[in-house]
**Student:** 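The following block contains the structure, expressed as structure tokens.
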2 protein chains.
Amino acid sequence: MTLDQRKKNRVTLLDVARHAGVSRATASLVIRKSPLVGADTRARVEASMEELGYVYNMGAARLRADRSLTIGVVIPNLTNPFFAELLAGIETVIDAAGMVVILVNSGDQVGRQDMLMTRMREHGVDGIILCPAAGTGEGLLERLGEWHLPLVQVLRRVSDQVDYAGVDYAQGMRQAVDHLSELGHREIAFAVHGPVHSAYEERVEGFRQAMQAKGLGAEKVVRVPHQISAIVDAAHLFSEGPTASTAVICFNDVVALGLSAGLYDLGIQVGRDFSLIGFDDVADADAMRPRLTSVSTFPEAIGEGAANLLLDRLAHPEIGPRKLVKATKLQIRQSSAPWRGGDHDLRTARG
Amino acid sequence: MTLDQRKKNRVTLLDVARHAGVSRATASLVIRKSPLVGADTRARVEASMEELGYVYNMGAARLRADRSLTIGVVIPNLTNPFFAELLAGIETVIDAAGMVVILVNSGDQVGRQDMLMTRMREHGVDGIILCPAAGTGEGLLERLGEWHLPLVQVLRRVSDQVDYAGVDYAQGMRQAVDHLSELGHREIAFAVHGPVHSAYEERVEGFRQAMQAKGLGAEKVVRVPHQISAIVDAAHLFSEGPTASTAVICFNDVVALGLSAGLYDLGIQVGRDFSLIGFDDVADADAMRPRLTSVSTFPEAIGEGAANLLLDRLAHPEIGPRKLVKATKLQIRQSSAPWRGGDHDLRTARG
DNA sequence: GCAGCGCTTTGGATCGATCTAATTGGGTTG
DNA sequence: CAACCCAATTAGATCGATCCAAAGCGCTGC
């Protein structure tokens, strides 16, 4: 019914051409804004298109021309607001280029990711922006290379042979550690969570190096649960026992939000008795109380950068792999405060 | 270069068929898992596909079969975590159906939305899930109808003649008002923001009716700014002046978060001196301090519902328009507390 | 022996655009 | 006036799958 209708109603280029008294080829040239057609012919064809209600059929064009004006975006987890912002940045640039985003969610599972890659390929995307699932091997990227499918890695890096857009996590860690160090803190912990991937390792490694550079011990890398509600209950890890500290740098703002709540529940006043630094600086950071000091990583800008990298690659397949590593910026707010020596009521009772 | 390579390397169904010693038609049947082909033939063709590294070409199939296994999703604003969760729900269901999501962002602008609709159509999507931009008229939907392009409205309703998946906002408002009323509050405000659309109006209207049902005045509908940082500064509207109140219901959790921070800055203790109720119950609500009482609207479930509605519609174009209105649930936490009469330090000094 | 019947298989047309190479018509040149 | 050029236009092949109608084949039943 509907399908038949649609089929019957469909106006093709041939219809337009006939209506305008030209050939299919000429009509095609008009659509593609070729300078070859005469001005009057162009006008006549455009009028016919308008009158008949012609709709361009990308599908047919793609088959012949072997490009789809479509790019695939593979993201591990849509629910994370960080990735949502990243995606917004990607979409903006791709859209402005007249292309369209096909979005899939890998759930951070390598197997699913492989399957989705194949699906993208079947759909004929012109390129892919991939935030690789934790555990992705170089094999996948090599395969992509064999397929001659342009690819940009974003946020997580698997191979140096492929374009990459990401964040200078080491710098961000340095900024956070230096800030706390200047405030007088020496017992600084790093609260991590989530799957292990390059971005994870870069942050941990950045923490280690920044701590060492300040002559501080970097052994307090503490894993907390993934769910925010469970993070809240893990706050005691930083107030007592072997990993007790006076300041905590968080893997991201979700962890910071959770710990902030947990420390509050323990009666510890963040921003006075205890310092907390987040990572990513999502919109909520500024609306928390105390306001969260956080390292901005500008997810939307990263998304835009990744998309531009891919567009460049489509235009110039021959150039070597490129990296786009964005600088971070420490947003100092209320949750980080000078170390108060031994005179506060923090129950760090260790040794 | 790359393109030529890709072209040359491309294995087509014809190659597979030749390799397996069958016709193109038979190979096609194998791909589509038709029961018509014999078991041994099927095995042989599948082996050939494997050996040659065949990749299905959706583009070609779509042209002939006039379906793309692709659906368009039009969202007003990706950055809002609420929409991100909605999108996650949609993606899950669409993916499970073996289809793929083409995502675009209307920026809540009707003009852009129109343009994007056309683009979706050119890309040959099988259907569209649309959260209409504020100000969308019925005209757009009528046009869609003429195009015979299956559509589901989500969250915001423009026409009753088209499928819709959304939330029972009136019920949610009733739950919030009843809860506050039982706690003894009588001066209850509704803090709204953002563009005006059906969901907006349903909430306001729901608030009015729920207040009236309790014999309370519903004139305190107060607009606050859109940006969260500005919302913080609007908190005084509820602590003093003509719209001062003892409890505020918020348009969504973003408003609640902002007001919570703003009231804190004013020295007003939410959950003791003042009650606050959010709307949507995003993940952060439980991690705020005080924990935010909020009306759950289950965005991910709505997304799943909308996607299922669309899949049903694709399967049965003939059935009449359907509605899927999901119930809300009030999550009572710490930010709502009994009215403390006149004995507290809230500076409501009015009249 | 052959009509009839499932089960499988197939050739050829087809979807709607793009690409290639060729054609047209008007003007310029030697 | 033939030769040539340039801009504008076009016929026909083509992309890679699907659809349709028809046919091959092994068997049964009369």
Side-chain angles (χ1 to χ4, degrees), chain A residues 3-46 48-49 52-70 121-124 126, chain B residues 3-46 48-49 52-70 121-124 126:
Chain A
L3 199 70
D4 291 352
Q5 292 267 6
R6 196 154 62 175
K7 238 171 187 159
K8 287 218 175 91
N9 289 356
R10 172 106 92 240
V11 178
T12 80
L13 205 46
L14 182 57
D15 299 325
V16 172
R18 269 203 282 256
H19 187 267
V22 298
S23 74
R24 227 170 41 255
T26 305
S28 176
L29 291 174
V30 171
I31 291 182
R32 284 176 287 157
K33 308 207 189 305
S34 158
L36 290 174
V37 291
D40 49 343
T41 311
R42 154 161 296 128
R44 201 148 29 90
V45 172
E46 280 171 349
S48 295
M49 282 173 42
L52 298 180
Y54 171 73
V55 182
Y56 186 61
N57 184 329
M58 287 272 343
R62 129 183 331 183
L63 178 58
R64 187 67 238 259
D66 205 29
R67 72 170 153 53
S68 64
L69 296 186
T70 279
R121 210 173 153 216
E122 292 180 348
H123 275 274
D126 291 338
Chain B
L3 199 72
D4 292 352
Q5 292 268 3
R6 196 154 62 178
K7 238 170 186 161
K8 288 222 175 85
N9 288 357
R10 172 107 91 238
V11 179
T12 80
L13 205 46
L14 182 57
D15 299 324
V16 171
R18 270 204 282 257
H19 187 267
V22 298
S23 74
R24 232 172 31 260
T26 305
S28 177
L29 291 174
V30 170
I31 291 181
R32 285 176 285 156
K33 307 207 188 306
S34 157
L36 291 176
V37 291
D40 48 345
T41 310
R42 155 162 292 129
R44 203 146 30 90
V45 173
E46 280 171 348
S48 295
M49 284 174 39
L52 299 180
Y54 171 72
V55 182
Y56 185 63
N57 185 330
M58 288 271 344
R62 127 185 334 184
L63 178 58
R64 186 66 239 261
D66 205 29
R67 71 169 154 55
S68 65
L69 297 185
T70 278
R121 209 173 153 218
E122 291 180 350
H123 275 274
D126 291 337

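Bear in mind that the values here come from a model prediction, so they are computed numbers and not experimental data.
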**Student:** Search all heavy atoms of B:Asp15 against all heavy atoms of B:Arg10 and return the closest pair with its distance.
**Tutor:** OD2-O, 3.7 Å

**Student:** Give me each pair satisfying salt bridge (charged side-chain N to carboxylate O under 4.0 Å, His left out) with a member in residues 19-37 of chain B, each pair once, sequence neighbours excluded.
**Tutor:** none

**Student:** Nearest to the side chain of A:Arg32 - C:dC19, C:dG16, C:dA17?
**Tutor:** C:dC19

**Student:** Choosing from C:dG16, D:dA17, C:dT18, which nucleotide comes nearest the side chain of B:Asn57?
**Tutor:** D:dA17

**Student:** Whole angstrom is fine here: how far is it from CG in A:Leu14 over to P in C:dC15?
**Tutor:** 10 Å

**Student:** Quickly, which of B:Val45, B:Thr26, B:Val22 forms a side chain to side chain contact (heavy atoms under 4.5 Å, CB included) with B:Val37? Name it, please.
**Tutor:** B:Thr26

**Student:** What distance separates A:Leu14 CG from A:Ser28 OG, expressed to the nearest 0.5 Å?
**Tutor:**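 Here the interatomic distance stands at 12.0 Å.
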
**Student:** Which atoms of nucleotides 22-26 of chain C (N or O only) lie under 3.5 Å from a protein N or O atom, and what are those distances?
**Tutor:**
none

**Student:** How long is the span from the OG1 atom in A:Thr70 to the CE atom in A:Met58, to the nearest 0.5 Å?
**Tutor:** 6.0 Å

**Student:** To the nearest angstrom, how far is B:Tyr56 atom OH from D:dC15 atom P?
**Tutor:**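 For the pair B:Tyr56 OH and D:dC15 P, the rounded distance is 18 Å.
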
**Student:** For A:Met58 and D:dC15, give me the distance from atom CE to atom C1', rounded to whole Å.
**Tutor:**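 The distance from CE of A:Met58 to C1' of D:dC15 comes to 14 Å, rounded to the nearest Å.
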
**Student:** Whole-Å distance between D:dG16 P and B:Leu52 CG?
**Tutor:** 14 Å

**Student:** Could you tell me the separation between the CG atom of B:Leu52 and the OH atom of B:Tyr54, rounded to the nearest 0.5 Å?
**Tutor:** 11.0 Å

**Student:** Could you run down nucleotides 4-11 of chain D 5' to 3' and tag each one B, S or - for protein heavy-atom contact under 4.0 Å?
**Tutor:** ----SBBB

**Student:** To check you understand the geometry: which heavy-atom pair defines the closest contact between A:Ser68 and B:His123, and what is its length?
**Tutor:**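 Taking every non-hydrogen atom into account, O-CE1, 3.5 Å.
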
**Student:** I want to check one thing: is the phosphate of D:dA17, taken as OP1 and OP2, less than 4.0 Å away from some side-chain N or O of B:Ser28?
**Tutor:** no

**Student:** Rounded to whole angstroms, how far apart are CG on B:Asp66 and P on D:dC19?
**Tutor:**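 It works out to 10 Å between those atoms.
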
**Student:** Going from CG on A:Leu63 to CG on B:Asn57, what distance comes out if it is rounded to the nearest 0.5 angstrom?
**Tutor:**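 Rounded to the nearest 0.5 Å, the CG-CG separation comes out at 6.5 Å.
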
